[in-house]
Amino acid sequence: MEETDPDHEGSEEKGTNPVVVILVGAPGSGKSTFCNDVIGAGRRPWVRVCQDTIASGKAGTKSQCLKSATDALKDGKSVFIDRCNLDKEQRSEFVKLGGERVDMHAVVLDLPAKLCISRSVKRTGHEGKLQGGKAAAVVNRMLQKKELPKLNEGFLRITFCQDENDVKDAVKTYGALGPSDRLATGIFGQKKQDSKVQLGIMKFLKKVETPDKLCDVNNKISDGIAAPKLESQMNDPCSMDIEKENKVTEDVGKKELLEESSRGDGSIHVLTLAFPSISTADFQFNHEKASDIIIDSVSDFLSKVDNGRLVLVDLSHKSHILSLVRAKAAKKNIDQKRFLTHVGDITQLCSKGGLQCDVIANAANWRLKPGGGGVNAAIYKAAGEALETATKERADTLNPGSSVAIPLPSTSPLYQKEKVTHVIHVLGPNMNPQRPNCLENDYLEGCKVLRNAYSSLFENFASIIQSQRNIKESNGNSRYGCSELPNNVAEESNNNKFSYGDQKSKRGGFDESERKKKAKPEHKEKQKDEKIDPKRTWGAWAEALHQIAMHPEKHKDAVIEVSDDLVILNDLYPKAKKHILVLSRFPGLDSLADVRREHLPQLKEMHAVGLKWIEKSQNDDASLIFRLGYHSVPSMRQLHLHVISQDFESAHLKNKKHWNSFTTYFFCDSADVVEEIDMYGSARLNDDEKLMSMELRCHRCRSAHPNIPRLKAHISNCKASFPSTLLQNGRLVFASSKAINPS
DNA sequence: GTTCTAGAAC
DNA sequence: GTTCTAGAAC
């Protein structure tokens with residue numbers, strides 16, 4: 001995730017600079033409490049400059065605050081600017097206090113508006129004199145103008161807090177800051193792209209996209225079902241009114257469902273599919289667009305299939321996508337008995353939610369593997385090994401926009417406890433550049449894929465309903481347990497007996513071969529394609545490695561070691577303290593794209609040679625951490641494995657491309673490559689050139705930085721632990737304990 | 001004025 | 001891959 005571990009991002013560089021922390025937050029956001037908590041920790045001398053109390057306990061002027069801050073800094077004290085500072089202009093004078101000798105930070109208390117309001121309303125005798133009923137109006141008005149701080153205003157570090165836990169972490173971080181400690185620079189604690197916070201960051205990163213217009217969303221919901229009130233204008237995407245209103249809709253639906261489920265002996269039980277919103281969480285698909293697609297797909301299903309019920313499930317009452325879908329479903333008069341939304345855990349719908357769902361959809365990954373996070377991890381965990389085994393029997397991989405239904409063995413806890421008979425794995429489009437197959441904001445394609453995903457999911461569900469019906473008709477009631485349904489219901493969606501024909505024609509332009517090209521899990525296709533595509537041509541400068549591989553004896557100065565198959569050499573322009581290349585000597589192996597199963601032994605050898613060299617290197621310096629991998633599209637001809645230490649301390653690391661080629665999915669970890677070649681016969685490349693122009697993020701704590709020099713300043717000090725994905729599958733190589741303690 | 005990026009040439 | 005440099009950003 002984006003957030004840093006407060007335990008790791010703490011003091012990391014010694015210096016004597018005092019720090020000015022500008023608090024940014026509405027009344028009631030907890031600015032004064034924050035200051036007091038940090039000051040109370042007593043690790044360094046702080047002065048809190050509060051405009052509400054600066055004139056002998058009364059409200060004062062901005063210039064009084066500036067003077068007070070300047071005086072404190074002269075005394076070597078650090079300063080909190082405790083005023084709202086909600087827009088850039090309000091902050092600008094204070095930012096000027098920063099400079100060579102003074103570090104300028106911002107801490108943004110971006111808590112839900114309703115929380116700030118309720119605190120403001122409750123407080124009596126607060127220094128700001130903002131009490132009672134006026135508070136709500138004032139807070140709302142102030143939040144309208146909210147303009148979150150950016151690094152380019154002059155901040156070295158910005159910490160965003162969006163809930164109480166974030167605040168606690170920030171208090172801990174600043175509270176632990178000793179007189180000569182300095183904090184890591186950059187942006188910390190930024191959340192998903194659906195908040196106003198991100199808009200500021202997007203601008204700072206010069207990527208002016210338009211994230212969900214939350215205010216518009218609120219207005220639209222209001223138009224549809226609830227009269228707009230003051231609160232509905234708050235920045236909080238789930239304002240109180242809307243939440244309340246939707247809960248009513250939800251409860252009505254649930255009540256009716258429960259009534260129907262409990263009718264008699266189950267013979268009337270309506271088969272129900274529970275599904276999460278596809279692609280809107282980690283895959284960052286636009287909620288507005290996704291909700292439209294859900295509504296369309298649901299309507300389509302309900303009109304074509306006369307049986308079966310659909311439930312959209314999300315974990316939180318605050319779910320933005322659930323709010324949107326509810327509102328739109330109400331507006332479109334969708335049958336509440338056949339489609340409802342539910343807040344709860346999709347793996348405990350029967351036991352905890354009182355909702356028996358025979359079929360649940362899983363937001364799967366393309367490998368159909370457990371783990372990751374969110375719904376996929378939860379479902380695999382809840383279903384136990386039985387689901388893994390059953391899935392493996394049916395399919396190896398999944399293309400975006402498709403689904404596969406898996407009958408759940410009766411041994412699965414999900415079957416036993418929750419009465420789930422089938423899990424349908426479905427894969428939607430990905431808009432998250434940090435995940436494979438990112439569509440890079442191509443919503444034309446994205447919407448198409450998401451529609452395909454839902455129609456495939458619902459087709460699979462329709463097949464299950466039909467099979468169930470067939471069984472009942474031919475065998476009398478429930479001779480089969482649901483998990484013993486014939487295999488045909490588990491095939492990839494298309495051979496169902498329902499009138500989805502027109503659906504298929506809607507898919508025009510996205511046929512199977514195209515899907516495979518996009519999704520790439522079917523690697524066999526690729527070899528055919530390559531016969532059509534002429535091989536890439538290389539510039540003269542790009543032939544250097546090839547020359548070395550073919551004639552290592554002519555380049556003795558560059559080469560460390562030569563064997564019949566491999567050459568090891570120092571990278572001529574190392575991008576870290578240690579950076580070597582393990583070069584294949586096979587003719588015809590220009591890059592990873594050429595590698596096939598027959599090259600697997602050599603790939604394993606390259607990996608082993610790399611590991612051996614790492615071990616040697618770590619004997620000299622046990623603090624070095626290495627990563628081994630290939631560039632998806634190398635600049636130089638002849639397959640070469642990069643073995644690079646993760647300090648990235650090098651004058652040769654100069655630009656965005658250098659950084660991103662080693663720290664994004666463009667870099668294919670050797671361990672993964674070996675696995676992929678073994679399983680699919682070719683490696684999965686992430687060759688989207690947009691990966692090279694991605695924002696600069698620390699490879700450890702994932703904080704964002706405006707340019708290369710600032711990024712390098714940050715990484716030279718960042719001690720945060722690595723993201724969990726890098727800690728898996730041997731992607732990072734740490735010194736063995738033997739090397740650290742050579743006893 | 002200085003710093004930084006990005007595109008062209010090699 | 002690097003170097004060079006115009007011009008954008010600060």
Side-chain angles (χ1 to χ4, degrees), chain A residues 88-89 91-93 95-100 103-104 106 149-158 185-187 200-208 536-552 555 557-559 567-576 578-584 589-593 629-644 648 650-664 666-668 685 687-698 704-716:
Chain A
K88 188 179 167 184
E89 206 186 315
R91 296 186 288 265
S92 61
E93 292 287 311
V95 171
K96 287 179 193 157
L97 293 167
E100 242 178 67
D103 292 350
M104 182 57 56
K150 292 162 237 165
L151 289 179
N152 62 13
E153 284 175 39
F155 293 107
L156 276 181
R157 176 191 172 96
I158 303 174
T185 58
I187 293 179
I201 289 163
M202 299 310 270
K203 273 188 196 156
F204 141 63
L205 294 165
K206 294 163 212 149
K207 234 190 184 181
V208 188
R536 146 178 191 196
T537 52
W538 304 82
W541 53 264
E543 297 282 359
L545 286 180
H546 182 72
Q547 287 306 313
I548 295 174
M550 296 304 126
H551 310 286
H555 302 85
D557 44 338
V559 168
V567 177
I568 305 179
L569 67 157
N570 279 308
D571 194 302
L572 186 59
Y573 299 95
K575 304 297 184 295
K578 298 275 182 181
H579 182 183
I580 61 149
L581 303 177
V582 180
L583 183 63
S584 163
L589 265 193
D590 288 353
S591 76
L592 196 51
Y630 301 85
H631 284 156
S632 288
V633 185
S635 297
M636 303 193 72
R637 181 180 170 199
Q638 195 66 22
L639 181 72
H640 55 282
L641 171 69
H642 288 269
V643 180
I644 182 165
F648 293 111
S650 163
H652 295 293
L653 201 163
K654 292 176 177 169
N655 59 44
K656 212 170 218 186
K657 191 178 174 188
H658 292 152
W659 180 252
N660 283 335
S661 71
F662 288 101
T663 59
T664 66
F666 187 83
F667 190 82
C668 303
L685 308 177
D687 50 5
D688 194 330
E689 55 192 33
K690 285 174 190 159
L691 282 168
M692 289 303 99
S693 50
M694 268 173 53
E695 68 272 31
L696 298 166
R697 281 184 182 274
C698 172
H705 300 269
N707 55 47
I708 288 286
R710 295 274 285 271
L711 172 78
K712 290 179 89 173
H714 168 85
I715 58 169
S716 68

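Letters A, B, ... mirror the listed sequences (proteins, then strands); counts begin at 1. Computation of the quantities below employed the complete heavy-atom set of this structure, encompassing side-chain atoms and omitting hydrogens, waters and symmetry-equivalent molecules.
- Under the ring-ring contact (aromatic ring centres under 6.0 Å, His included) test applied with A:H579, the options A:H642, A:H658, A:H652 reduce to a single match, A:H642.
- Comparing B:dT5, B:dA6, C:dC10 against the side chain of A:N152 picks out C:dC10 as the nearest.
- We find that NZ of A:K656 is positioned 10 Å from C1' of B:dA6, with the value rounded to whole Å.
- Nucleic acid contact for A:H631: sugar-phosphate only, since backbone atoms but no base atoms lie under 4.0 Å from a heavy atom of the residue.
- The listed nucleotides are B:dT5, B:dA6, C:dG1; the one nearest the side chain of A:W541 is C:dG1.
- With hydrogens and angles ignored, the 3.5 Å screen pairs a side-chain donor or acceptor of A:K712 with a backbone N or O of A:L653.
- Atom CD1 of A:I708 and atom P of C:dC10 are 15 Å apart (whole Å).
- One can place CZ of A:R710 at 13 Å from C1' of C:dA9, the figure rounded to the nearest angstrom.
- The nearest whole Å value for the distance from the NE2 atom in A:H546 to the C1' atom in C:dG1 is 16 Å.
- A:K654 has a side-chain polar atom (N or O) that falls below the 4.0 Å cut-off from OP1 or OP2 of C:dT3.
- Environment of CD in A:Q547: crowded, with over 12 heavy atoms of neighbouring residues, nucleotides or ligands closer than 6.0 Å.
- When the C1' atom of B:dC4 is taken as reference, atom CH2 of A:W659 falls 18 Å away, rounded to whole Å.
- The shortest distance between the side-chain N/O atoms of A:H658 and the OP1/OP2 oxygens of C:dG1 is not below 4.0 Å.
- Atom CG of A:N655 is separated from atom C1' of C:dA8 by 17 Å (rounded to the nearest Å).
- In this structure, A:H652 does not reach the C:dG1 phosphate: none of its side-chain N or O atoms is under 4.0 Å from OP1 or OP2.
- Residue A:K575 has a polar side-chain atom (N or O) positioned under 4.0 Å from OP1 or OP2 of C:dT2.
- Looking at heavy-atom distances under 4.0 Å, A:L572 makes no contact with the nucleic acid at all.
- Of the possible donor and acceptor atoms, none in the side chain of A:D687 sits under 3.5 Å from a partner among the backbone N and O of A:V633.
- Side-chain contact between A:N660 and A:L691 is absent, with no heavy-atom pair separated by less than 4.5 Å.
- Of the candidates B:dT5, C:dT3, B:dA6, the closest approach to any side-chain atom of A:P709 belongs to B:dT5.
- Following rounding to the nearest Å, A:L696 (CG) and B:dT5 (C1') show an atom-to-atom distance of 11 Å.
- Separating the CH2 atom of A:W538 from the P atom of C:dG1 is a distance of 10 Å, rounded to the nearest angstrom.
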